[in-house]
Amino acid sequence: MKVMIIGSGGREHTIAWKLSKSPQVEKLYCAPGNGGIAEIAECVDIGVMEFDRQVAFARENGIDLTIVAMDDPLVGGAVDAFEAAGLTAFGPRANAAILEGSKAFSKDLMKKYQIPTAGYESFTDIETAREYVKTCKLPVVLKADGLALGKGVLICQTREEAMEAVRTIMEDKQFGAAGNCMVAEEFLTGREVSVLAFVDGSTIKIMSSAQDHKRAKDKDQGLNTGGMGTFSPSPFYTREIDEICRREIYQPTVDAMRAEGRPFQGVLFFGLMLTDDGPKVLEYNARFGDPEAQVILPRMKNDLVDVCLACINGTLHQIDLQFEENAAVCVVLASDGYPVHYEKGFVIQGLETVKAREDDGYYAFHAGTKQSGDNIVTNGGRVLGMTAKGKTLKEARANAYEAAGWISFANKYMRHDIGKAIDEAEKRSE
Ligand code: AMP
Ligand code: GLY
């Protein structure tokens, strides 16, 4: 069959790579794709929000399945557009992707269905928001309601910071229309864990846990980024926590969405905080995480096409979802200066070395690259996700850093402490 992916980052390259292993896939397309994706798929110059052009292309080229991998098109109704044209697309419809698209929606849903999450208030009126932060408990977490590239969350320690944050979100509209509504949340402490799952509207099957590193610099310093590295599984996500989450969070979320007439079909990403009062939901995403996909999909044994079709057809209960009993770590190679100011266009060397070791579980998933003549050059802030598997997390981490060392390009930057929590977990269990 012919499969198309909508998106252009490291997550999309990982999805494309996984699909390229499926004996069912005869041809892969990606709109718009990147330099790495171009090696295994035909990249089509259509933007992620150009639904009409995507649908027309899918029709003309007989695409059997389109995987919408990014938040903006999902929330904007890409899957609805494909369905309206009688085409098959994987991902939640807009009325379910709202779980990621509106924090106020997701908080109200959790409250209504008693799914554990931080206490909150939502505001559409700036004066009411100001009154609230004058007396609320500190620290307080203020969030722009809508999509804001993961940047619309401000943790405020003082009242002055909170007043400033209200202005940033609701008056200056630094996150655009995402700030028309604002959620104020109780500040939670604990370990953060991401858990990814496939959902077919009724059945949910958990893939694996993972942990991201959002800050740009070592020791979690610097600005928030799209993610500087990940490891999977999380050693903090114990069997006991998993059982609580299955009972109180996962199935209840899927059931709640169905009860609201918004059945969720696709990948559901739970951002959890493991607090002393038990696991609580920080956020939902309606798609694979980036760079969580990079450490999860290489460990998945199933054919991704089978699982996507089962989610669409409501037959996920028939799938025996299986993962390798190992670990993976992804170290992001970025352009120095990311996420603020960085240069592009530098030739990347060493990719052949990684490719030669793919059978040993080494991968260079491209995030921001493009083909330029005979070379692959840097074309973004995050450039490559150097990913490696290992029997243990420690081994995977050593392998990922080894692979990171095989690559060179001007202004190459990476964090050196991806997976530091692995050592902390080990110490704790001694
Ligand atoms: P979100 O996009 O809602 O996941 O928020 C981004 C990041 O802000 C999370 O990964 C957490 O590190 C932090 N965060 C969000 N909500 C809270 C909260 N209620 N308490 C503490 N930290 C939070
Ligand atoms: N890595 C977090 C996300 O994809 O939202």
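Every number for a ligand or one of its atoms is a count from 1 in the order of the listing.
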Region of Thr230 that comes within reach of ligand 2 [heavy atoms, distance under 4.0 Å] = neither

Counting each atom of ligand 1 from 1 as listed, which ones have a heavy atom of Met273 under 4.0 Å away?
-> 21 (C), 22 (N)

Quick one: does NZ or CZ of Arg191 land under 6.0 Å from the six-membered ring centre of Phe236, within 45 degrees of the ring axis?
-> yes

Considering the heavy atoms of Asp212, write down every atom of ligand 2 situated less than 4.0 Å from one of them.
-> 1 (N), 2 (C)

Under 4.0 Å to a heavy atom of Lys214 - the qualifying atoms of ligand 1, by number = 10 (O)

Taking the six-membered ring for Trp and the full ring for Phe, Tyr or His, determine whether the centres of Tyr413 and Tyr338 are under 6.0 Å apart.
-> no

Answer yes or no: is there an ion pair linking Arg287 with Glu100, defined by an N-O contact shorter than 4.0 Å?
-> yes

Identify, for atom 23 (C) of ligand 1, the protein heavy atom at the shortest distance, and state residue, atom and that distance.
-> Leu282 CD2, 3.9 Å

For Asn285, the atoms of ligand 2 under 4.0 Å from one of its heavy atoms are 5 (O)

Within the 4.0 Å heavy-atom cut-off, what Glu186 brings close to ligand 1 is backbone

Glu325/Arg299 ion pair, N-O < 4.0 Å = no

Scanning both residues in full, the closest heavy-atom pair of Leu99 with Phe105 reads CD1-CE2, 3.9 Å

Phe187 neighbourhood, listing ligand 1 atoms whose heavy-atom distance to it stays under 4.0 Å | 20 (N), 21 (C)

So which heavy atom in the protein is nearest atom 6 (C) of ligand 1, and how far is it from that ligand atom?
-> Val153 CG2, 3.9 Å

What's the shortest distance from atom 13 (C) of ligand 1 to any protein heavy atom, and which residue and atom give it?
-> Ile155 CD1, 4.0 Å

Ligand 2 N/O within reach of Glu292 N/O, cut-off under 3.5 Å = yes

Do Glu260 and Lys112 meet the salt-bridge criterion of a basic N to acidic O distance under 4.0 Å?
-> yes

So Trp17 and Phe365, would you call those rings parallel, tilted or perpendicular, with 30° and 60° as cut-offs?
-> perpendicular

Looking at ligand 1, does any of its N/O atoms fall within less than 3.5 Å of an N/O of Leu188?
-> yes

With ring centroids as reference points, do Tyr250 and Phe270 lie under 6.0 angstrom apart?
-> yes

Relative to the heavy atoms of Lys103, which atoms of ligand 1 are at a distance of less than 4.0 Å?
-> 1 (P), 2 (O), 3 (O)

Quick one: are Pro32 and Ile46 in side-chain contact, heavy atoms under 4.5 Å?
-> no

Are Arg11 and ligand 2 in contact, using a heavy-atom cut-off of under 4.0 Å?
-> no

Touching ligand 2 at all, Gly227? Heavy atoms, strictly under 4.0 Å?
-> no

What protein heavy atom is closest to atom 5 (O) of ligand 2, reported as residue, atom name and distance in Å?
-> Arg287 NH2, 2.9 Å

Would you mind listing which atoms of ligand 2 come within a distance below 4.0 Å of any non-hydrogen atom of Gly289?
-> 4 (O)

for atom 11 (C) of ligand 1, nearest protein heavy atom and its distance come out as Glu192 OE2, 3.2 Å

Residues Lys111 and Asp108 bridged, charged N to O under 4.0 Å | no

Is the shortest distance from a Lys or Arg side-chain nitrogen in Glu248 or Lys280 to a carboxylate oxygen in the other one below 4.0 Å?
-> no

Sub-6.0 Å ring centroid separation between Phe123 and Tyr132 | yes

Name the option, out of Glu283, Arg215, Lys143, that contains the heavy atom nearest to atom 2 (O) of ligand 1.
-> Glu283

Met228, portion touching ligand 2 at heavy-atom distance under 4.0 Å | neither

